[in-house]
A.B. asks: 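The structure's right below; bear with me while I get my questions together.
Since the model is a prediction, treat every value here as computed from it, not as a measurement. Ligands are counted one by one from 1 in listed order, and the atoms in each one are counted from 1 as well.
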Amino acid sequence: MFQVRGYSPTIIKIDPYLNVDAGTMNPYIHGEVFVTDDGGETDLDLGHYERFLNINLSKYNNITTGQIYKAVIEAERRGDYLGVCVQVVPHITDEIKRRIRMVGEKSGVDVVIVEVGGTVGDIEGLPFLEAIRQMRLEEGYENTLFVHVALVPILDVTGEQKTKPCQHSVNELRRIGIQPDIIVARCASPLMESAKRKIALFGNVPYNAVFTSYTVDCIYEVPLILDEQGMGSYIMRRLGLKDVKPDWSEWRGIVDSFRKCDRRIKVAMCGKYTMLADSYISINEALKHAGAKLGVHVDLNWIETELLEKNSSMVKSLANYDGIMVLPGFGVRGVEGKIRAVQFARENDIPFLGICFGFQMAVVEFARNVLGLKDANSTEVDPNTPHPVVDILPEQKGVEVKGGSMRLGAHKIILKDNTLVRALYGCSVVSERHRHRYEVNPKYWDALESSGLVFSGLSEDGRRVEFIEIKELRFFLASQSHPEFNSRPGRPSPPYLGFVKAALDYFEGRS
Ligand code: GLN
């Protein structure tokens, strides 16, 4: 709503947990770990922010309790607070405010949107709410705006929209000194007049400051439905910003492209965190972006690779898909199933895209089944493998700390001429984001390449393999990096666009 009126925003996500970042959490706990250009391992919401705003955020756009306390305690140990009793108020809250302001100043934007994660009333969220309460006093009423998002459930028996939880959470906020200026109800359907009136009355906001974020088919529609209800104009007026007529044409075009998908293809998503689709949310979105561009709906079929290990008929059922993806991951569980999925795609010439761990497993599969290197593996999986075709990065060898210590963030990749990936990107130098500790072992480069595995992208220094492909196949591509983190609606990531196009061609060739 700011952007289409000519203002530039940035967004901060506050996660009140004690982890310094999301990097050490299992996707089942917290969904995907998103990676920023500057190597932050962040909450997946930053991915949504980048996709909605088409801007690149920094690791500083994700603030956690862990970061705040770490900074304050380190300062205390240094002696920065000599003689003082260090307390949540003001020291912790000062550090929170400092970080919010720093992001605003560094990015030179007009508006900083701060999402305080969690639920009002959470013990761990309190210092953050206290900090934003203080910020209103310091920055002034006209320069700050509180938006409270509250769930309005619908009782399945009576169909009634219940406003009580919202009334309670607003009360809870007011108890700590925050009166929301706007209330957004998250509800399956648009709020009925009576529910809206109740929320306004009990929430102590004007009737026209209550909006509904109702369920829509395509998440990218959300800003449109809120602005249609007048939220954009309300915010501009309230912040004293000129309310120019918003130009939604480009965004509307993007949203329409998601709606106009008349064909349907099926992709097998092979991984080990498949019980929670949020584990791979940027990949899911990248496939959707690519599908929308081509007018095709991409059906994601989750396949737990551990099951492929025990069940060879399940491996054969991969023939039912128009494309096979092997997903990123860590550790031993499900690895042999991933290798089988790669093998099936390669031997049956089904469009294949492997990402990060999926890339590494494609190399292992090729080494085992084409080069004949029995028991070839990644040393992450089998430290004693006779053929460590994927091995730890040399600079990682002495690294003991687990947090923030992988090869992270944006790195340049040089694409070779006359390769699939070079044609997809349409240029020879690209930048993609990384998150890994292992890589293709240089000792096996010659053997792999001379047997037909094309190293179509290398790191800038030429020392690591970034993309592999197999020429004779209709589409066999794998990437050490995560191109999905740069995919945006209307601007799909080239490897994903190529993969979906190949899957569509394969589908149409068969039907
Ligand atoms: N576990 C692999 C590595 O550390 C791959 C990581 C990933 O898929 N993001 O290199």
A.B. asks: Measuring from atom 9 (N) of ligand 1, which candidate in Arg435, Arg437, Glu439 has the nearest non-hydrogen atom?
C.D. replies: Arg435
A.B. asks: Side-chain contact, heavy-atom cut-off 4.5 Å: Lys501 with Leu504?
C.D. replies: no
A.B. asks: What closest approach, in Å, do Glu124 and Pro127 show between heavy atoms, and which atom pair accounts for it?
C.D. replies: O-CD, 3.6 Å
A.B. asks: Using the six-membered ring wherever Trp is involved, compare the ring planes of Tyr220 and His289 and label them parallel, tilted or perpendicular (cut-offs 30° and 60°).
C.D. replies: tilted
A.B. asks: Is any side-chain heavy atom of Phe499 less than 4.5 Å from a side-chain heavy atom of Met325?
C.D. replies: yes
A.B. asks: Show, in sequence, the C-alpha distance, side-chain angles and deciding distance for Trp302 and Tyr280, and conclude whether the ring-ring contact (aromatic ring centres under 6.0 Å, His included) test is met.
C.D. replies: CA-CA 11 Å; Trp302 300 100; Tyr280 306 107; 5.7 Å; yes
A.B. asks: Please state which protein non-hydrogen atom is closest to atom 7 (C) of ligand 1 and give its distance, to 0.1 Å?
C.D. replies: Cys356 SG, 2.9 Å
A.B. asks: How far is atom 2 (C) of ligand 1 from the closest protein heavy atom, and which atom is that?
C.D. replies: Glu380 OE1, 3.2 Å
A.B. asks: Would you mind finding which of Gly331, Pro328, Gly329 brings a heavy atom closest to atom 6 (C) of ligand 1?
C.D. replies: Gly329
A.B. asks: If you count the atoms of ligand 1 from 1 in the order shown, which ones are under 4.0 Å from a heavy atom of His482?
C.D. replies: 9 (N)
